[in-house]
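All of these numbers come straight from a predicted model, not from anything done at the bench. Letters go in sequence order (proteins before strands), and every chain restarts at 1.
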There are 2 protein chains.
Amino acid sequence: MELEATTKARLDEALARAGQRSTRQRELVFATLLRWMDHPTADEVFSRAREQTPTISLATVYNCLETLVGCGLVRAVNYEREPTRYCPNLNEHAHFQDRVTGRISDIPLSESIMATLRTLLPPGYEADSLDLYFHGTIRKQPSKSTSKS
Amino acid sequence: MELEATTKARLDEALARAGQRSTRQRELVFATLLRWMDHPTADEVFSRAREQTPTISLATVYNCLETLVGCGLVRAVNYEREPTRYCPNLNEHAHFQDRVTGRISDIPLSESIMATLRTLLPPGYEADSLDLYFHGTIRKQPSKSTSKS
DNA sequence: CTTGTAATTGGAATGATTCCAAGTATTGTT
DNA sequence: AACAATACTTGGAATCATTCCAATTACAAG
């Protein structure tokens, strides 16, 4: 559960930019998110983090997650009124939730589609964030014969 | 606070299609939403509805709103973890929330942009709902000289 | 008019999140 | 290294939107 040096640098830099200190707990929470990139809830982050550091508290996990979101290192994902989930993928992307399993996947968004979406707004409207949520089912694809070469 | 005959018919039909009865309270809640189309919370609907029917309960307002959403007559709008808001606009649209006032406006979405959005999904992914949320600020437009004719 | 079912009601319960006050760690200064 | 000043963490209590529940009440069909 060690943060790679470059990742640690990225964390420290983002925290410093926001005038925040780098702490063991923030590092642990960030490392936990990066290790399982499966959109965990705060509770899930808490129980995973506690395996490494049994003294960490739920309040701290909430605090750290909020800090990381504030630094722009993590995105909060909200489906309806389900518990908030957290996502360390910084590429522009939408989310898709499977109705059956509840699992969430990332859907990459190209720069051009982002531009298109911004053009939808009436003059004067300036969006600083944009969230696109899909809800649906995943149909197993007929696996094409995977001919090797 | 009377529902227009055609609107009442629309409500009854949608309820019947979903195997639900038409009741005073459902009619009242629907009428309340249509009268102020400002994305009220359940609490706001409750206090507005109570002006007409002081005996209606908050639980009933929640029940009715859920029923209306289930019938497809109303959409639930969720910004982060704010209380759910309700929207009787059935045209395809996104939402824009003003960071300053918290007010929400509807952004119409053309059929073509809807189609474009659906193409973003990987094969096998079938979306049955799609929600697009903007967050930002509204800059007052330099009012162009409104030349008549 | 009866009878079965669905809807409404008020209040209690739930559960994610936030708040709080006390303790601990970290940073900059001498 | 010691100190002060400030930021962070912690456990538990508090919040608050929403849901649940058990007891009426309304409705629809025979």
Tell me which of D43(A) and T53(B) sits closer to the 5' end of DNA chain C, going by the nucleotide each one is nearest to. T53(B)
Need one value for T41(A): base, sugar-phosphate or nothing, where a base atom within 4.0 Å counts as base even if backbone is also close, heavy atoms only. nothing
Given atom CG of L65(B) and atom P of dA7(C), what is their separation to the nearest angstrom? 15 Å
Taking only N and O in the side chain of S57(B), is any of them less than 4.0 Å away from OP1 or OP2 of dT9(C)? yes
Taking all atoms of both residues into account, what is the closest heavy-atom pair of Y133(A) and Y133(B), and its distance? CD1-CD1, 3.9 Å
For Y79(B) and dA17(D), give me the distance from atom OH to atom P, rounded to whole Å. 19 Å
Side chain proximity check, L15(B) to R21(B), heavy atoms < 4.5 angstrom: no
The side chain to side chain contact (heavy atoms under 4.5 Å, CB included) partner of W36(B) among L34(B), D38(B), L33(B) is D38(B)
Using whole Å, report how far CD of E27(A) lies from C1' of dT9(D). 16 Å
Using whole Å, what does the distance between atom P of nucleotide dA7(C) and atom CG of L28(B) come to? 17 Å
Look at all strands and tell whether T67(B) reaches a base, only sugar-phosphate, or nothing, counting heavy atoms closer than 4.0 Å. nothing
Below the 4.0 Å mark, does dA25(C) have OP1 or OP2 next to a side-chain nitrogen or oxygen of Q25(A)? no
Using atom CG of L15(A) as one end and atom P of dT26(C) as the other, report the distance to the nearest whole Å. 14 Å
For dC27(D), does OP1 or OP2 lie under 4.0 Å from any side-chain N or O of R21(B)? no
Checking the side chain of Y79(A) only, and the main-chain atoms of H95(A) only, is there a donor and an acceptor separated by less than 3.5 Å? yes
Rounded to whole angstroms, how far apart are CZ on F46(B) and P on dG10(C)? 8 Å
Geometric cation-pi criterion R50(B) and F46(B), 6.0 Å radius, 45° cone: yes
If you assign N63(B) and Q20(A) each to the DNA chain D nucleotide with the nearest heavy atom, which residue ends up on the more 5' nucleotide? Q20(A)
Ignoring backbone atoms, establish whether R26(B) has a side-chain N or O less than 4.0 Å from OP1 or OP2 of dA7(C). yes
Calculate the interatomic distance between L58(B) atom CG and dT18(D) atom C1'; express it in whole Å. 9 Å
Categorize T23(B) for me: base, sugar-phosphate, or nothing, with a 4.0 angstrom heavy-atom threshold over every strand shown. sugar-phosphate
Can you tell me how far P of dA13(C) sits from OH of Y62(B), to the nearest Å? 19 Å
Looking only at side-chain N and O atoms, does R24(B) come under 4.0 Å of OP1 or OP2 in dC27(D)? yes
